Amino acid sequence: KRRGFLCDFETSESSGLRCCGSQTFEKLDILRYYLEIFSKAMHGKFTHLNFVDLFAGSGRCRNREDMSEENGSSLIAYSLEYGFTNYIFNDLNETTSQILLERCSRIDKTRLGRVKILNVDANLRIDEILQNVPKEKSLSVVFIDPNGLDIHFNTLRRLSQYSSVDLIINYAVLDLKRNRKNYEGINDKADNFFGPTKWDELTPSDMYAAYKKSLHDLDFEYLEDDFE
């Protein structure tokens, strides 16, 4: 996540907390539940079990409503009992990534050799990120949770070319609701997000259905959601 989304205050642990609402914490609970089941079920079945976080952030979140703190997606994956053989944590901001790496070290120094830190644009340089993912006897979870509509559909198309990849995507509906008028103008952010979908002609629910169909057309056959 960009530095501008980090909280400005200090904590006993260190600086570098992402400010979030309660819904983010619910999302993280769901992610933890899924990854616990996934990592345990797949343990020992693949030579390489990979966790790729395209927007990794600093690893910790603070709830702006009640000031509670929780591990973010990257540290949730890193802290699992069964864990992954490879962790690829990408973030545009090098300072944020350094904070994340220090937090990983405090959790388990023995796993640090499995961590690859990248600071690249996940859309423009997705091939560079994927070069760090083993291709043989490999299964990957790619977690995609930007702050808004910051993942391009062409990036998902590139990921779909890997046969053993599970995608977890945060469909950033709030960004669309808040900025729809801007995106219907000269801003191409939503166009890049939706790809082939003519999103500006659809209702929000129809947009989501069309987005799922586009993912299905990329051969992601099982699509689970909780969209309201």
Side-chain angles (χ1 to χ4, degrees), residues 1-7 11 13-14 16-40 42 49-64 68-108 111-112 114-123 126 129-130 132-133 139-151 155-156 159 165-175 224-226:
K1 313 299 187 295
R2 293 183 184 274
R3 185 72 181 178
F5 288 93
L6 299 181
C7 300
T11 69
E13 181 181 8
S14 72
L17 292 167
R18 186 188 179 202
C19 292
C20 307
S22 58
Q23 288 185 333
T24 295
F25 280 61
E26 294 173 6
K27 173 183 62 183
L28 292 172
D29 286 341
I30 294 171
L31 176 66
R32 180 183 295 103
Y33 177 74
Y34 172 82
L35 291 180
E36 285 175 348
I37 294 174
F38 176 91
S39 61
K40 184 175 182 179
M42 297 296 108
L49 200 61
N50 316 293
F51 182 79
V52 183
D53 197 331
L54 295 185
F55 302 86
S58 64
R60 291 285 290 179
C61 300
R62 170 170 277 191
N63 191 328
R64 66 172 64 92
S68 60
E69 295 182 16
E70 179 60 86
N71 282 342
S73 54
S74 47
L75 286 190
I76 287 174
Y78 189 80
S79 304
L80 294 171
E81 178 182 356
Y82 289 91
F84 292 80
T85 55
N86 300 290
Y87 301 89
I88 296 95
F89 297 144
N90 180 67
D91 194 275
L92 280 174
N93 190 285
E94 294 183 11
T95 301
T96 299
S97 293
Q98 185 58 40
I99 294 171
L100 171 60
L101 192 60
E102 291 170 358
R103 286 172 171 156
C104 288
S105 179
R106 289 199 292 271
I107 291 173
D108 188 347
R111 291 186 178 183
L112 280 180
R114 309 181 196 177
V115 175
K116 177 69 174 180
I117 296 289
L118 297 171
N119 300 111
V120 301
D121 187 306
N123 295 301
I126 186 62
I129 296 173
L130 293 177
N132 295 277
V133 179
L139 179 63
S140 302
V141 173
V142 179
F143 185 65
I144 304 172
D145 184 19
N147 289 301
L149 304 178
D150 295 303
I151 189 71
T155 304
L156 305 184
L159 288 166
V165 172
D166 286 356
L167 297 186
I168 303 177
I169 306 170
N170 177 31
Y171 182 80
V173 64
L174 288 180
D175 184 15
E224 184 64 39
D225 63 77
D226 186 23

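Please read all numbers here as calculations on a predicted model, not as lab measurements. Note that these values count all heavy atoms, side chains included, but never hydrogens, waters or copies made by symmetry. Along the sequence shown, residues are numbered consecutively beginning with 1.
The SG atom of C104 lies 5.0 Å from the CZ atom of F89; values are rounded to the nearest 0.5 Å. For the atom pair CG (L101) and CD1 (I99), the distance works out to 11.0 Å, reported to the nearest 0.5 Å. Atom-to-atom distance recorded for E69:CD and C20:SG is 11.0 Å, nearest 0.5 angstrom. Separating the CG atom in L80 from the CG atom in L35 is a distance of 5.5 Å, to the nearest 0.5 Å. Atom CZ of F143 sits about 10.5 Å away from atom CD1 of I169, to the nearest 0.5 Å. Here the CG-CD distance, from L31 to E36, works out to 9.5 Å after rounding to the nearest 0.5 Å.
The two residues G83 and S39 come nearest to each other via the heavy atoms O-CB, 4.0 Å. Looking at every heavy atom in both residues, D53 comes nearest to S73 through OD2-OG, 2.6 Å. For the residue pair C61 and L17, the shortest heavy atom distance occurs at N-CD2, 4.2 Å. Residues R111 and Y82 approach most closely at NH2-C, 4.3 Å, considering heavy atoms. Nearest heavy-atom pair, S58 versus G16, reported as atom, atom and distance to 0.1 Å: OG-O, 2.6 Å.
Between L159 and L130 the shortest side-chain heavy-atom distance falls below 4.5 Å. The side-chain heavy atoms of L75 and R106, taken from C-beta on, include no pair separated by under 4.5 Å. A heavy-atom distance below 4.5 Å is found between the side chains of F38 and D166. Residues Y78 and R103 have side chains not in contact (no heavy-atom distance under 4.5 Å, counting atoms from C-beta outward). Side chains of S68 and F25 form a contact here, defined as non-hydrogen atoms less than 4.5 Å apart. Residues F55 and D145 have side chains not in contact (no heavy-atom distance under 4.5 Å, counting atoms from C-beta outward). At a threshold of 4.5 Å between non-hydrogen side-chain atoms, the residues L100 and V115 do not count as touching.
The closest donor-acceptor contact from the side chain of T85 to the backbone of L49 lies under 3.5 Å. Between the side chain of R32 and the backbone N or O of I76 there is no donor-acceptor pair closer than 3.5 Å.
Counting heavy atoms of neighbouring residues, nucleotides and ligands inside a 6.0 Å radius, atom NZ of K116 does not exceed 12 of them.
Applying the side-chain contact (heavy atoms from CB on, under 4.5 Å) test between N90 and each of I129, I126, D121 identifies I129 as the sole match.
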Go through N63 and E70 one step at a time and tell me if the side chain to side chain contact (heavy atoms under 4.5 Å, CB included) criterion holds.
-> CA-CA 8 Å; N63 191 328; E70 179 60 86; over 6 Å; no

Test side chain to side chain contact (heavy atoms under 4.5 Å, CB included) on T24 and K27 and set out the steps.
-> CA-CA 5 Å; T24 295; K27 173 183 62 183; 4.1 Å; yes

So N147 and R18, side chain to side chain contact (heavy atoms under 4.5 Å, CB included) or not? Walk me through it.
-> CA-CA 11 Å; N147 289 301; R18 186 188 179 202; 2.4 Å; yes

Stepwise, does the side chain to side chain contact (heavy atoms under 4.5 Å, CB included) test hold for V133 with V142?
-> CA-CA 11 Å; V133 179; V142 179; over 6 Å; no

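With sequence neighbours left out, the side-chain hydrogen bond (donor to acceptor under 3.5 Å, both in side chains) criterion links D150 to K189. With sequence neighbours excluded, no residue forms a side-chain hydrogen bond (donor to acceptor under 3.5 Å, both in side chains) with N132. Here S105 pairs with nothing under the side-chain hydrogen bond (donor to acceptor under 3.5 Å, both in side chains) rule; sequence neighbours left out.
Between F51 and F84, the angle of the ring planes lies from 30° to 60°, which puts this pair in the tilted group.
Using modelled atom types and a 3.5 Å distance limit, the side chains of N119 and S97 yield a donor-acceptor pair.
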